[in-house]
Amino acid sequence: MKRRQALGATGLGLGSILSMGMAPALAQLQRASDRQPVHAADAPRVIVVGAGIAGLAAAQRLRAAGQRVLVLEARERSGGRIFTSQAWRGPAMDLGASWIHGAGPANPLTQLARRIGARTFSTDMENAQAYDGLGGELRAAEQRRLADLRGRIGELLAERELEARDVSLQALVYEALDYTERPAPQQRLIDFLLNSEFEHEYGAATRQLSARWFDAGSAYEGGELIFPDGYKALIDHLSTGLDIRLQHEVREIDYQGAAGVTVRTQHGSFSAPQLIVTLPLGVLKAGKVRFSPALPSRKQIAIEHLGMGVLNKCCLLFERAFWDTQLDWLNHLPPTGRAGQWTEWVSLARPSGAPVLMGFNAADHGRRIEAMSDAALAQDAMAVLRRMFGSQIPAPQDVLVSRWASDPHALGAYSCHVLGSHPAQRDDLAQSVNGRLFFAGEATDRQHYQTVHGAYQSGLRAAQELLRAGGGQQARAPVSHSA
Ligand SMILES: Cc1cc2nc3c(=O)[nH]c(=O)nc-3n(C[C@H](O)[C@H](O)[C@H](O)COP(=O)(O)OP(=O)(O)OC[C@H]3O[C@@H](n4cnc5c(N)ncnc54)[C@H](O)[C@@H]3O)c2cc1C
């Protein structure tokens, strides 16, 4: 049975909770509960670490099953890698996830968005124009060469599934296309394809991505939906009625005591019989949270070997649009020596009605730009846009940027399959420990990792596992909060 059928069959019954539409009340509830100690009488049966979409989905599932749930979140907001910012003069901007990928009827997020009446807008990757970093639109002859190379790489990847030997994606493509024998202009086209088609999608450099496993998951059918008012609509809805303690950074998870699990935060300790960990892979890799006893070795190996990629956004608000506002994607072929820089742009003019461009940088350059100031980054972006559209274009009125690799509560954008990793390691990461610790988060979903729907499904899966394991029945000692 496939994952989505299994979820349907478990009768998750979230419909009633999710259609309550109590987002404003929720914000108040969150604030009110922020500093309240937990008393034994209303002590949690389950603690959920992290209020990203995986943690919220898990908490709602448990709440629907009658469990008392406490969510501990390090940031001053819920949503994690879903982050709708309004900290500028332009429309709401998603600096983390933007799209429901594969937004057909089978995707649980499509269903959720419909149920709660969130406004969505369809964008199309084929609705694109390619530009030459040497100036203007990409010439027809170059476009044909690109299409030809893209086709050859596609064939190559279809064939490589038969091979047992793993190499990096870059090594595979370079060798098969005789990269080193080709003139620089052709190398530039190959490097552009490697960056725009793979590094932007999977987050890691193609010299690190496993040719065998980089796309080991699966996708739902359907197009791409963006939220003009922000992905936050889903987060607000899923937070409804939950006890979420913001600015509670978990530093230690002790699961050896008789009472169950004790977590330590800067505001004291919390205990419960069972706990769901939804920490991002980047945070687990950095060892920022100490587990006592140490996690089983298979889980540690998974944490070490799976990769954490980087994707960053730079949003620019202009007084007027200088590009074709009917386009969704503007692809930019950087000059030689600037491979991987600003290769993809999205026009948000159609979904938002405002003259906004969102520039992307992934993998190596995505990491590099995090050291730059907002102003320096906007300047760098404008130098590229001037080569694409001419020197007369206006300066931006405002800028919003993300820095996911240096964000201490994410330490990267999403997980990926680098050399040395294996899809089964996602199952190891998801595996529960001692019937007490359960694991969710995008990196634990073998089929839909890297995505919001994968994270959401993983939260429901972990909650279901916990309930099956006898949610809360292991509690013996009273559970409480101590400062
Ligand atoms: C730039 C970017 C673009 C993306 N675009 C898309 C897209 O268009 N479509 C798509 O489907 N996916 C996209 N993704 C991926 C998607 O955002 C993630 O897969 C998903 O949001 C992960 O959810 P999660 O609940 O697993 O993790 P998170 O959202 O990271 O939640 C984990 C939570 O744990 C908290 N936390 C961390 N450390 C601690 C601690 N010590 N104590 C307590 N709490 C802690 C974090 O603050 C966070 O709130 C994108 C991601 C990025 C960064």
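When reading the values below, keep in mind they use all heavy atoms of this one structure, side chains included, and skip hydrogens, waters and symmetry mates. Note that ligands are numbered from 1 as they come in the structure, with each ligand's atoms numbered from 1 the same way. Model, not experiment: these values are computed from the prediction.
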Do [X] and ligand 1 have an N or O pair less than 3.5 Å apart?
X	answer
Gly55	no
Ala54	yes
Val250	yes
Lys313	no
His101	yes

>> Taking a cutoff of less than 4.0 Å between a non-hydrogen atom of the residue and any ligand atom, is Gly96 in contact with ligand 1?
In response: yes
> Does Lys288 reach ligand 1, in the sense of a heavy atom lying below 4.0 Å from it?
Replying inline: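 Contact absent.
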>> Classify the ring geometry of His101 against Trp99: parallel below 30°, tilted from 30° to 60°, perpendicular beyond 60°.
In response: parallel
> For the rings on His448 and Tyr456, is their centre-to-centre separation under 6.0 Å?
Replying inline: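 Ring centroids of His448 and Tyr456 are no less than 6.0 Å from each other.
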Under 4.0 Å, heavy atoms only, figure out whether ligand 1 is touched by the backbone of [X], its side chain, both or neither.
X	value
Leu72	backbone
Thr265	neither
Tyr414	side chain

>> In the structure I gave you, are the side-chain heavy atoms of His200 and Leu311 within less than 4.5 Å of one another anywhere?
In response: yes
> Is the shortest heavy-atom distance from the side chain of Leu348 to the side chain of Pro91 under 4.5 Å?
Replying inline: no
>> Out of Glu442, His453, Glu73, who is nearest to atom 26 (O) of ligand 1 when you count heavy atoms only?
In response: Glu442
